[in-house]
Amino acid sequence: MSVPDSITKILSVAMIIPVGRVATYGQIADLAGLPGRARLVSKALKKADHDMSIPWHRILRSDGKIAFAANSEQAQEQKQRLLSEGVAISGYRITLKQYQWQPELHDLLHRLKY
DNA sequence: TTTGTGACCGTAA
DNA sequence: ATTACGGCCACAA
């Protein structure tokens, strides 16, 4: 499978994360059928920045922290976006585990028709 | 061709 | 809680 195709798949999965919920880079990779390729997810998001259909701010590291360097412009904007959606954040880490996007995604994935 | 660099991750101290 | 390490691998130098 080509890298561009993988990117496309990753983005198609990323864009279905519900408002007010979050997912990790690794989860997105898994759901895109690319286990172990979390880094490719970050790369995909970077390539797709400015694409308003992709909720990049809802993607966090596996430990619940925002991936950007603390205090960076991007980290602060991401935090604001999450807060505005009602996601609780303390410092740069989500507070409540219940925000984890424990997929009811079989349905969501089904709609993607890979 | 080799090397360094990431919006990463799981495990083990 | 934090650090270290080995995996991961596309991409640029």
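Residue numbers begin at 1 in each chain, while the letters A, B, ... track the order of the sequences. Small disclaimer: the values here were computed from a predicted structure and weren't measured.
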Between [X] and [Y], is any pair of side-chain heavy atoms under 4.5 Å apart?
X	Y	result
A/Leu11	A/Leu45	yes
A/Val41	A/Val13	no
A/Val22	A/Ile17	no

- prompt: What residue pairs, at least two apart or across chains, pass salt bridge (Lys or Arg N to Asp or Glu O under 4.0 Å) with a residue in residues 66-81 of chain A?
  reply: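 Of all non-adjacent pairs touching residues 66-81 of chain A, those that pass salt bridge (Lys or Arg N to Asp or Glu O under 4.0 Å) are A/Glu77-A/Arg81.
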message: For a quick test of reading the model, state the closest non-hydrogen atom pair linking A/Pro55 to A/Met15 and the distance between them.
response: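 That would be CD-CA, 3.6 Å.
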query: Dot-bracket for DNA chain C, 5' to 3', counting Watson-Crick or G-U wobble pairs under 3.5 Å, with [ ] for crossing pairs and | for inter-strand pairs?
result: .||||||.|||||
message: Is it the case that the side chain of A/Gln78 and the backbone of A/Ile59 share a donor-acceptor pair, with hydrogens and angles ignored and the cut-off at 3.5 Å?
response: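 Yes; at least one donor-acceptor contact below 3.5 Å.
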field: Exceeds 12 heavy-atom contacts within 6.0 angstrom, atom CE of A/Met52
entry: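 Open.
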query: Using a heavy-atom cut-off of 4.0 Å to chain A, what are the terminal contacting nucleotides of DNA chain C, in 5' to 3' order?
result: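 Both ends considered, the range comes out as C/dG7 to C/dC11.
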message: Generate the contact string for nucleotides 6-13 of chain B. Rules: B means base contact, S means sugar-phosphate contact only, - means no protein heavy atom under 4.0 Å.
response: BBBSS---
field: Most 5' of A/Pro35 and A/Lys65 on DNA chain C, judged by nearest nucleotide
entry: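 It is A/Lys65 whose nearest nucleotide is closer to the 5' end.
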task: Nearest-nucleotide wise, let me know which of A/Gly36 and A/Arg93 is further upstream toward the 5' end of DNA chain C.
output: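 By nearest-heavy-atom nucleotide position, the 5'-most residue is A/Arg93.
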message: Please list all pairs meeting side chain to side chain donor-acceptor pair (under 3.5 Å) that have one or both residues in residues 31-51 of chain A, counting only residues at least two apart or in different chains.
response: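 Found A/Asp51-A/Ser53.
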message: Going by the rule side chain to side chain donor-acceptor pair (under 3.5 Å), which residues pair with A/Ser2 if we only count those two or more places apart in sequence or in a different chain?
response: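 A/Ser2 satisfies side chain to side chain donor-acceptor pair (under 3.5 Å) with A/Asp5 once adjacent residues are dropped.
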- request: Start with the C-alpha gap between A/Lys65 and A/Leu60, add the side-chain angles, then the distance that decides, and say whether side chain to side chain contact (heavy atoms under 4.5 Å, CB included) holds.
  value: CA-CA 6 Å; A/Lys65 285 195 297 186; A/Leu60 306 168; over 6 Å; no
